[in-house]
Amino acid sequence: MTDPRIKQLAHNLIHFSLKLQKGEKVWISASNTGTPVLEALVEETYGVGAYPFIQMEDQRISAALMAGMTPELAGLMADFDVPKMEAMDAYIAIRGFDNAFESAGIPEERLNAYNAIYGKRVHMDVRIDHTNWVVLRWPTPAMAQQAGMSTAKFENFYFDVCNLDYGVMSRAMDPLCDLLNRTDRVRLVGPGTDLTFSIRGIGSVKCDGERNIPDGEVYTAPVRDSVNGTITFNTPSFVGGFRYENIWLTFKDGKIVDCGSNDTDRMNAYLDTDEGARYVGEFAIGVNPNINQSMGDTLFDEKIAGSIHFTPGNCYEDADNGNHSAIHWDLVLIQTPEYGGGEIYFDDVLVRKDGRFVLPELAALNPENLV
């Protein structure tokens, strides 16, 4: 018998996240997931009279493919998949993993070739702005291990987070969106961090279960050349099978002019993917009340209540600051007391301190009011 939590998740994805309609086509791309969730997604898709297209991948096979990747092959793959993505109305990516380091050892230029050509053409240029899409992880023992939990405890955590009542969260986000839309100057302060930038005229977008699962962020973007100062991140980030730690960035007039991590040379190579990779495409505030510690997975970490993330690389069309890149690297800073605290100021007014909103109109976004 299928776990009822899986059925609920599939129902939420098809009906709430994608709002899939009769006759629409949805590309479901799955890696290292069990069959029950795919069966449930197909059933829900057929239930609304839509058409599912399934792509099943395996992490080890994908790593083997990346090991021989060339710009020519990435271009050929994009030639096949761009028309397919253009024909879709919706897209679901559901990803599990057996080994977070499966891509370790693959040369950076191989991964960068895939991101810069296939990833940009299929996902950045077509999928993100021209389909309804949602991206999520799938709980595996390896993911539970990475989070420092038993498999059963992690599965309970996963479904609590992913099946949250996003309608309540969505309504609580509206005053924050309104405030962001009226804000010019932002300042972030904390250990190793003093960063300023403008968001004037960019606008804001609430992420309330329609794009990522788990969800729980409101994003905008800095005016491209307005970022100045230094920001130090206190969560790890996995890219290409490598775990970056102790990441910091220094900006001058919007551009990353200095940086560091546990592998600064590798990091610089990634930030040299293209010109836009050294500028920022997103600034976001995390508010999911059921996520309160880093597990080393950005899709979860960027939603942590009391966090922000700052993103070298591509901007989104609905919060467009003109920066374009093949990468979109969400880097997370948690500002709760357990992680060193910190403040956010909008136009010199304190908005959030140590992870808690201090303005009355934003109090509904504090964790105790969302659970």
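Predicted model only: the values in this text are computed from it and were never measured.
- Classification of Asp79 and Arg121 as a salt-bridged pair holds, one side-chain N sitting under 4.0 Å from a carboxylate O.
- Here the side chain of Arg352 pairs a donor or acceptor atom with the backbone of Gly306 at under 3.5 angstrom.
- Residues satisfying the side chain to side chain contact (heavy atoms under 4.5 Å, CB included) criterion with Phe101, sequence neighbours excluded, are Asn99, Ala104, Phe238, Arg243.
- In this structure, the ring of Trp329 has its center less than 6.0 angstrom from the ring center of Tyr270.
- For the residue pair Asp301 and Gln293, the shortest heavy atom distance occurs at OD1-O, 4.1 Å.
- When ring centroids are compared, Phe233 and His309 stay outside the 6.0 Å threshold.
- Residue Lys255 places its NZ atom among 12 or fewer non-hydrogen atoms of other residues, nucleotides or ligands, all under 6.0 Å distant.
- Residues passing the ring-ring contact (aromatic ring centres under 6.0 Å, His included) test with Phe357, sequence neighbours excluded: none.
- Taking the six-membered ring wherever Trp is involved, the centroid distance between the rings of Tyr51 and Phe53 does not fall below 6.0 Å.
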Inset, instruction - Evaluate the criterion side chain to side chain contact (heavy atoms under 4.5 Å, CB included) for residue pair Phe159 and Ile6; output intermediate values, then yes/no. - result: CA-CA 8 Å; Phe159 286 109; Ile6 293 176; 3.8 Å; yes
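- In this structure, Ala277 and Pro312 approach most closely via the heavy-atom pair O-CB, 3.4 Å.
- Taking hydrophobic clusters as Ile, Leu, Val, Met, Phe, Trp and Tyr residues chained together by side-chain heavy-atom distances below 4.5 Å, Val257 does not share a cluster with Ile231.
- Listed by first and then second residue, the side-chain hydrogen bond (donor to acceptor under 3.5 Å, both in side chains) pairs involving residues 146-159 are Arg5-Asn156 (not counting sequence neighbours).
- Every pair passing ring-ring contact (aromatic ring centres under 6.0 Å, His included) that includes a residue from residues 164-209 is listed here, sequence neighbours excluded: Phe197-Phe283, Phe197-Phe310.
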Inset, instruction - Evaluate side-chain hydrogen bond (donor to acceptor under 3.5 Å, both in side chains) for Asp330 paired with Thr298, printing each intermediate quantity in order. - result: CA-CA 7 Å; Asp330 292 316; Thr298 301; over 6 Å; no
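- Residues satisfying the side chain to side chain donor-acceptor pair (under 3.5 Å) test with Arg266, not counting sequence neighbours, are Glu108.
- Not a single ring-ring contact (aromatic ring centres under 6.0 Å, His included) links Tyr345 to another residue, sequence neighbours left out.
- Among all heavy-atom pairs drawn from Ala63 and Ile106, the shortest one is O-CD1, 3.4 Å.
- The minimum heavy-atom distance between Asn32 and Thr140, with the atom names listed, is O-CG2, 4.0 Å.
- The side-chain heavy atoms of Asp297 and Arg137, taken from C-beta on, include a pair separated by under 4.5 Å.
- The line from CE of Met69 to CG of Leu111 is 9.0 Å long, rounded to the nearest 0.5 Å.
- Proximity of a side-chain donor or acceptor of Asn366 to a complementary backbone N or O of Glu368 within less than 3.5 Å is not detected.
- The two atoms that bring Phe16 and Asp208 nearest to each other are CE2-O, 3.1 Å, heavy atoms only.
- Using a 4.5 Å heavy-atom cutoff, the side chains of Thr250 and Ile256 are not in contact.
- With sequence neighbours excluded, no residue forms a ring-ring contact (aromatic ring centres under 6.0 Å, His included) with Tyr279.
- The shortest distance between side-chain heavy atoms of Val239 and Tyr244 falls below 4.5 Å.
- Shown here are the ring-ring contact (aromatic ring centres under 6.0 Å, His included) partners of His11, two or more places apart in sequence or in another chain: His15.
- Contact annotation: the side chain of Thr70 approaches that of Arg110 to within less than 4.5 Å [non-hydrogen atoms, C-beta and beyond].
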Inset, instruction - Tell me, with the steps shown, if Val218 and Val287 meet side chain to side chain contact (heavy atoms under 4.5 Å, CB included). - result: CA-CA 8 Å; Val218 175; Val287 298; 5.7 Å; no
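- Remark: Arg211 does not engage Glu217 in a salt bridge, criterion side-chain N to carboxylate O under 4.0 Å.
- A donor-acceptor distance shorter than 3.5 angstrom exists from the side chain of Lys303 to the backbone of Pro214, with no hydrogens or angles considered.
- When every heavy atom of Ala319 is checked against every heavy atom of Gly203, the shortest pair comes out as CB-O, 4.3 Å.
- For the pair Asp89/Thr131, no side-chain contact is recorded, criterion being any heavy-atom separation below 4.5 Å from C-beta on.
- Within a 6.0 Å sphere centred on CD of Gln145, heavy atoms belonging to other residues, nucleotides or ligands number 12 at most.
- The side-chain hydrogen bond (donor to acceptor under 3.5 Å, both in side chains) contacts involving residues 171-195 comprise Asp174-Lys206, Asp178-Arg182, Asn181-Ser204, Asp184-Ser198, Arg185-Asp348, Arg187-Asp194, where partners must be two or more places apart or lie in separate chains.
- Note that the CG atom of Asn246 and the CG atom of Asn234 stand 10.0 Å from one another [nearest 0.5 Å].
- Between Lys7 and Glu43 there is no salt bridge, since none of the side-chain N atoms of the basic residue sits less than 4.0 Å from a carboxylate O of the acidic one.
- The shortest side-chain heavy-atom distance between Leu180 and Leu176 falls under the 4.5 Å cut-off.
- The list of side-chain hydrogen bond (donor to acceptor under 3.5 Å, both in side chains) pairs with a residue in residues 317-326, not counting sequence neighbours, reads Tyr219-Asp318, Arg224-Asn323, Asp274-Ser325.
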Legend entry - CA sep, side-chain torsions, deciding dist, call: Thr45, Ile14, side chain to side chain contact (heavy atoms under 4.5 Å, CB included): CA-CA 7 Å; Thr45 299; Ile14 297 302; 3.6 Å; yes
Inset, instruction - Take Ile344 and Ile308 through the test side chain to side chain contact (heavy atoms under 4.5 Å, CB included) and record every step on the way to the result. - result: CA-CA 9 Å; Ile344 301 176; Ile308 63 99; 3.6 Å; yes
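- With a 6.0 Å radius and a threshold of 12 heavy atoms from other residues, nucleotides or ligands, Glu86 has its CD atom above the threshold.
- A donor-acceptor pair is defined here as one N or O able to donate and one able to accept, closer than 3.5 Å; such a pair exists between the side chain of Asn369 and the backbone of Ala363.
- For residues 54-69, every residue pair satisfying the side-chain hydrogen bond (donor to acceptor under 3.5 Å, both in side chains) rule, not counting sequence neighbours, is listed here: Trp27-Gln55, Ser29-Gln55.
- A 6.0 Å sphere centred on NZ of Lys252 holds no more than 12 heavy atoms belonging to other residues, nucleotides or ligands.
- Leu359 meets the side chain to side chain contact (heavy atoms under 4.5 Å, CB included) test with Leu179, Val349, Val351, Glu361, Leu362; sequence neighbours excluded.
- Cation-pi geometry between Lys120 and Tyr118 is not met at under 6.0 angstrom from the ring centre and within 45 degrees of the axis.
- Looking at Leu13 and Leu18, their side chains never come closer than 4.5 Å, going by heavy atoms from C-beta outward.
- Judged by distance alone, with hydrogens and angles left aside, the side-chain atoms of Ser307 form a donor-acceptor pair with the main-chain N or O of Ile304 at under 3.5 Å.
- Looking at Thr235, its side chain does come within 3.5 Å of a backbone N or O of Val332 through a donor-acceptor pair.
- Under the 4.5 Å side-chain criterion, counting only non-hydrogen atoms from C-beta, Ile94 is not in contact with Val134.
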